Amino acid sequence: MISEQSGPGPDGIIGQIGREILQRERFILTSHARPDGDSIGSQLAMAFALDALGKQVRIVNADPAPEHYQDFPGMERIEIASRVTARPDETVIVMECSDLARTGVEGLESQFIINIDHHAGNRLYGALNWYDESAAACAEMVFDLIRTMGVPLDLEIGTHIYLGILTDTGSFHHSNITPRTFDICRQAVEAGVNPATMARRVFDSNSFGKLKLIGALLDSMELVDEGRLAVLYMDDQMLAACGCTPNDTEGLINLPLTAREIQAVVFFKVSSDDLLRVSMRSKYDVDVRKVANQFGGGGHKNAAGFTVEGRLANVRASIIERLIGAIAEGLQTRPTA
Ligand code: AMP
Ligand code: MN
């Protein structure tokens, strides 16, 4: 097993992955269940790059992408399946997954796996593992790999790289943005990507039902810790009353952060399968990943999540207590510039 945490370099892991891909012919691309913009962008940028290299590519995801991603180029190529029967010569490239189970796709375990990810605590489940916590989006890493393999950035690839970065940085709000992030975006714009169109397509494409859901969520929002922490609740009845599906909830968690005082948000999604999905977002140095880790989840400093079995009432207090602790700790080092 070959792996590297950071510092790709042409002779390092990125060069090895590039050489391995160039030698191979058939690929299955996948990412995490309930895909977001970075999983879609990373996979499709990779797919178009592999097309350019004359490779055979299929993309398999456990769940369909949210509606507002459906008319991005190549979306019709994504097969939805929870199990694949892979040929022995199919190489699997997993993007955005800290462990293989996050794909929600079975049948990949015995294939040659290339693991490309930017989540802390990646389990190094591939034959080749490249994870770089410093990347603002997995799409940044995919960009590097594509360029290492000599594929030019065309409009389709640029669109998907930009999509991954735009969404995974929380539209340029999160604290993991570097000059590199903008350098890659600059190159995407030079390839023809229109930032205004991208922002409208991703953030201003809500259904009326989603607007209703925003109203319902904010109506039932609770403020704790003297208004520093917002708590959002959602269940299947609320979704149904607004004519929404779970896919319509993407991005809603960011709404409370637009209030100056609010430093973190926790979003409890209660579903009929008795699973409680918990999403968290924060500002500046408030580290919600640490809280997610305590409950078996993961993510990034400003965006993290986890899933627990059982009833909200049993875990609510301890989650909120830990978040209040994370806020107190994070506020000590709030940047002034
Ligand atoms: P979400 O709130 O679902 O948009 O997720 C925010 C971040 O937390 C993403 O980077 C996810 O990959 C990560 N995350 C969410 N749920 C889990 C989980 N159950 N296990 C590990 N990471 C998670
Ligand atoms: Mn990501």
Side-chain angles (χ1 to χ4, degrees), residues 30-46 61-63 65-66 69 94-104 115-123 125 130-143 160-177 181 184 202 217 230-232 234 246-257 264-269 271 273 275-282 286-309 315 319 323 326:
T30 190
S31 184
H32 55 79
R34 297 176 171 242
D36 59 14
D38 195 25
S39 36
I40 295 299
S42 295
Q43 292 179 100
L44 281 165
M46 186 71 86
N61 287 185
D63 299 303
Y69 296 128
V94 185
M95 286 156 277
E96 269 274 277
C97 293
S98 46
D99 72 59
L100 193 57
R102 294 245 328 123
T103 61
N115 159 17
I116 302 173
D117 183 34
H118 70 137
H119 293 92
N122 184 287
R123 299 276 175 79
Y125 50 84
W130 175 29
Y131 87 93
D132 181 359
E133 272 182 61
S134 73
C138 188
E140 283 193 2
M141 303 172 72
V142 171
F143 170 88
H160 282 291
I161 296 289
Y162 192 94
L163 176 65
I165 292 175
L166 178 66
T167 54
D168 238 37
T169 57
S171 65
F172 302 104
H173 281 60
H174 295 169
S175 55
N176 53 359
I177 298 164
T181 312
I184 296 171
V202 174
L217 282 174
V231 188
L232 297 177
M234 193 191 68
N247 262 347
D248 289 314
T249 62
E250 204 194 60
L252 300 185
I253 188 172
N254 295 309
L255 291 167
L257 288 183
V265 185
V266 59
F267 189 178
F268 293 117
K269 296 170 218 170
S271 75
D273 57 11
L275 285 181
L276 174 66
R277 294 190 175 79
V278 183
S279 288
M280 298 172 293
R281 297 292 184 275
S282 63
V286 175
D287 189 348
V288 288
R289 179 180 59 210
K290 275 192 197 156
V291 178
N293 286 342
Q294 288 164 350
F295 292 92
H300 311 283
K301 181 164 76 176
N302 295 140
F306 61 92
T307 302
V308 281
E309 273 182 51
V315 284
I319 295 169
L323 278 166

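When a residue number appears, it is its place in the shown sequence, counting from 1. Order of appearance sets the numbers: ligands from 1, and atoms from 1 within every ligand. Model, not experiment: these values are computed from the prediction. Heavy-atom basis, side chains included; hydrogens, waters and symmetry copies ignored.
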If only atom types and distance count, is the side chain of S42 paired as donor or acceptor with the main-chain N or O of S39 below 3.5 Å?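 Checked: no pair found.
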
Tell me which donor-acceptor pairs under 3.5 Å the side chains of residues 294-305 have, and how far apart each pair is, sequence neighbours excluded?
{"unit_1": "H300", "atom_1": "NE2", "unit_2": "H119", "atom_2": "NE2", "d": "3.2"}
{"unit_1": "K301", "atom_1": "NZ", "unit_2": "D285", "atom_2": "OD1", "d": "2.7"}
{"unit_1": "N302", "atom_1": "OD1", "unit_2": "S175", "atom_2": "N", "d": "2.9"}
{"unit_1": "N302", "atom_1": "OD1", "unit_2": "S175", "atom_2": "OG", "d": "2.8"}
{"unit_1": "N302", "atom_1": "ND2", "unit_2": "S282", "atom_2": "O", "d": "3.3"}
{"unit_1": "N302", "atom_1": "ND2", "unit_2": "S282", "atom_2": "OG", "d": "3.1"}
{"unit_1": "N302", "atom_1": "ND2", "unit_2": "Y284", "atom_2": "O", "d": "2.9"}

Residue H300, metal the Mn ion (ligand 2), N/O/S under 2.8 Å: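 No, H300 does not qualify, because none of its backbone or side-chain N, O or S atoms lies under 2.8 Å.
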
Shortest non-hydrogen contact from [X] to [Y]?
| X | Y | result |
| --- | --- | --- |
| A33 | D63 | CB-OD2, 3.3 Å |
| L232 | P256 | CD1-CG, 4.0 Å |
| I177 | H174 | CD1-O, 3.2 Å |

N61: what forms a side chain to side chain donor-acceptor pair (under 3.5 Å) with it, not counting sequence neighbours?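 For N61 the side chain to side chain donor-acceptor pair (under 3.5 Å) partners, ignoring immediate neighbours, are Q43.
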
Step through the shown structure and confirm whether more than 12 heavy atoms of other residues, nucleotides or ligands are within 6.0 Å of CZ on R277.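 Yes, because the 6.0 Å sphere around CZ of R277 holds more than 12 heavy atoms from other groups.
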
For the Mn ion (ligand 2), find the closest N/O/S atom on [X] and give its atom name.
| X | answer |
| --- | --- |
| D38 | OD2 |
| E96 | OE2 |
| D168 | OD2 |

Solution key, residues 165-172 side-chain donor-acceptor pairs under 3.5 Å, sequence neighbours excluded:
{"unit_1": "T167", "atom_1": "OG1", "unit_2": "D38", "atom_2": "N", "d": "3.4"}
{"unit_1": "T167", "atom_1": "OG1", "unit_2": "L163", "atom_2": "O", "d": "2.8"}
{"unit_1": "T167", "atom_1": "OG1", "unit_2": "G164", "atom_2": "O", "d": "3.3"}
{"unit_1": "D168", "atom_1": "OD2", "unit_2": "H118", "atom_2": "NE2", "d": "3.1"}
{"unit_1": "T169", "atom_1": "OG1", "unit_2": "I165", "atom_2": "O", "d": "2.7"}
{"unit_1": "T169", "atom_1": "OG1", "unit_2": "L166", "atom_2": "O", "d": "3.4"}
{"unit_1": "T169", "atom_1": "OG1", "unit_2": "F172", "atom_2": "N", "d": "2.9"}
{"unit_1": "S171", "atom_1": "OG", "unit_2": "H173", "atom_2": "ND1", "d": "3.4"}

Ligand 1: which residues have a non-hydrogen atom closer than 4.0 Å?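 Heavy-atom contacts below 4.0 Å: R102, H119, S279, R281, G297, G298, G299, H300, A303, A304, G305, F306, T307.
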
